[in-house]
Amino acid sequence: MPLAKLFDEAEILEFAASLRGDLIRPEDDRYGAARAVFNAIVDRRPALIVRCTGVADVMRGVEFARSRDLPLSIRGGGHSVAGKAVCDGGLMLDLSPMKGIRVDPAQRTAEAQAGLTLGEFDHETQAFGLATTLGVVSVTGIAGLTLGGGLGWLNGRHGLACDNLISADVVTADGRLLRATEEENEDLFWGIRGGGGNFGVVTSFQYRLHPVSTVLAGGLSYPLSKAHEVLRYYHEFASGCPDGLSTTASLGVSPEGEGTISVSVCYCGPLEEGERVLRPLREFGSPLADNIEPMAYTTLQSAPDAGFPPGRRHYWKSSYIKELSEEAIEVMAEYVSEIPSRATGVGLQQMHGAASRVDPTATAFPHRDEHYDFLILSQWADPAESERNVEWTRSLFEAMEPYFEGGVYVNNLGDEGEDRVREAYGANYERLLALKGKYDPTNFFRLNQNIKPPTETTSSPVS
């Protein structure tokens, strides 16, 4: 809708003058870049974009959108496959300029603003040999990742990102700035640790940090023809690994077009102990390559970045799987042998140890178990290839459904309907529903994996 039909020029100028950050309009030369998000399938056009520089800009933006009944979307520092950070015809609050961080090495804590990426956060904490669990791609934003749970390389020893959250500052729908901790607004603190952006705009996070510097990490690769023996052994090995070791397995295609299986690892602890723990895995079979070696934690975190260049189209499907049966392995190997894009991969990210031992009701993130986050991460460049790639992804997901335990990691969820949103929040959904009714009864914050207040009607799912 043209801006002239939403507000008059005086309103826009007054709003711009009330901000410290930039107000970007559709006629601005920066508009195209400002509205672009990670997933090139997403092509939405906000009426206005605020590049926030601090909490005051966030509060002003929330008030402006609420008072005019505008759709409001929130962009953090990184990406999400669903692309809900950008809206059509409403106000987009872009928090990516908010990159302040203060590390307290004595207390082993960090206060970090919501615009930071994992790589930017790690850069500061690693100066002191400290880290906390975040994701596995350094261009991811800390905000969305943490609000959805936050599964990463350190989960076995240190839990999820949300388990390491000490406090957060939240701008709520009524324009207040609340501090959420275990002692203050504790219900809100519970909800933002896994409940996503349903309850407000989180402007900063305080994390608990842990000594992590050099890790023993890298991967082993094998031909796809060895899928059964490799994944059988991998599952056996991963099921018995200590907390200090976290693993992933993935299937895909090499740049030369050959099907491959990769097993990647991160051991955070004494290197000599890591060498001993990993020896059986490294001596199994005849890998095509073994690049496991001591490396800086930041090197591990940034290693996958080149595989996610801007401008690609993405379609993901995800669930949890506990056992890697012969039948499940056969399905994965068969489909990967016919993969439509060499940029696509099928991954199994291990959750175990400390992350799996947290009570499922202790935080809003419910999926606490020794299992794998199964993800079909389809990506391609040519729009003409979209139908083929989406169809392959859906077909593989349907073929794998008999082997899933159910549920889905909310950070992997696309636009898949209300039933899938309920699966993402699992057994905690009813408690989250009540919390939504308290903090956002009008569903002002709805451009997310949405928990509708009790008065909202349901919508039909899509796949």
Side-chain angles (χ1 to χ4, degrees), residues 76-78 98-138 140-170 179-186 188-190 192-194 202-217 242-246 266-271 273-274 294-302 351-359 362-363 365 368:
M98 296 174 58
K99 295 189 181 296
I101 178 171
R102 181 182 182 275
V103 179
D104 185 334
Q107 296 298 317
R108 291 181 179 172
T109 62
E111 293 193 29
Q113 288 188 311
L116 288 161
T117 64
L118 273 56
E120 293 162 345
F121 182 95
D122 290 338
H123 176 78
E124 297 297 325
T125 62
Q126 282 291 283
F128 305 97
L130 298 171
T132 198
T133 307
L134 292 172
V136 296
V137 180
S138 77
T140 308
I142 67 168
L145 179 97
T146 302
L147 295 175
L151 179 61
W153 282 118
L154 306 181
N155 83 89
R157 176 154 287 172
H158 300 303
L160 305 180
C162 69
D163 300 329
N164 289 281
L165 196 62
I166 300 170
S167 67
D169 291 342
V170 188
R179 186 78 163 170
T181 72
E182 290 282 10
E183 295 79 31
E184 187 178 1
N185 300 303
E186 59 273 18
L188 179 60
F189 186 60
W190 179 87
I192 63 172
R193 289 178 292 161
V202 180
T203 58
S204 68
F205 302 81
Q206 184 183 30
Y207 295 94
R208 187 176 299 108
L209 303 178
H210 310 276
V212 178
S213 184
T214 300
V215 295
L216 185 61
D243 289 0
L245 176 65
S246 290
C266 172
Y267 184 83
C268 56
L271 296 179
E273 179 66 13
M295 65 178 68
Y297 177 66
T298 50
T299 300
L300 171 67
Q301 286 289 82
S302 61
M351 176 191 281
H352 76 125
S356 70
R357 293 192 292 265
V358 175
D359 186 318
T363 68
F365 183 88
R368 306 291 187 161

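Note that the numbering runs from 1 along the sequence shown for the chain. Predicted model, so just to flag it, every value in this text is computed and none were measured. Heavy-atom basis, side chains included; hydrogens, waters and symmetry copies ignored.
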- Distance from S167 atom OG to Q206 atom CD, nearest 0.5 Å?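 Between S167 OG and Q206 CD, I get 4.0 Å after rounding to 0.5 Å.
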Q: To the nearest 0.5 Å, tell me how far E120 CD sits from T117 OG1.
A: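 Result: 3.5 Å between the selected atoms.
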Any side-chain to backbone donor/acceptor pair from [X] onto [Y]? Under 3.5 Å, distance only.
X: N164; Y: L160; result: yes
X: R157; Y: C268; result: yes
X: Q126; Y: L130; result: yes
X: N155; Y: T133; result: no
X: E124; Y: F121; result: no

Ring pair (Phe, Tyr, Trp, His ring centres under 6.0 Å): pairs with one or both residues in residues 98-120, sequence neighbours excluded:
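Not a single pair qualifies under ring pair (Phe, Tyr, Trp, His ring centres under 6.0 Å).
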Under 4.0 Å between a Lys/Arg side-chain N and an Asp/Glu carboxylate O for R193 and E182?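 Yes, charged N to carboxylate O under 4.0 Å.
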| said: Does either side chain, that of R108 or that of T132, offer a donor lying less than 3.5 Å from an acceptor on the other one? | reply: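 There is no such pair between these side chains.
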Any side-chain donor near an acceptor of the partner, D104 and T109, under 3.5 Å
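No, because no side-chain N or O of D104 sits under 3.5 Å from a partner of the opposite role on T109.
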Begin from the C-alpha positions of Q113 and V202 and carry the test side chain to side chain contact (heavy atoms under 4.5 Å, CB included) through to its verdict. CA-CA 9 Å; Q113 288 188 311; V202 180; over 6 Å; no
Would you be so kind as to tabulate the donor-acceptor pairs closer than 3.5 Å made by side chains of residues 140-154, with sequence neighbours excluded?
residue : atom : partner : partner atom : Å
T140    : OG1  : V137    : O            : 2.8
T146    : OG1  : I142    : O            : 2.7
T146    : OG1  : Y207    : OH           : 2.7

Closest non-hydrogen atom pair, A180 against F189 =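 For A180 and F189, the tightest heavy-atom pair comes out as O-CD1, 3.4 Å.
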**Request:** State which residues pass ring-ring contact (aromatic ring centres under 6.0 Å, His included) with H158; sequence neighbours excluded, sorted by chain then number.
**Result:**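 H158: ring-ring contact (aromatic ring centres under 6.0 Å, His included) contacts with H210.
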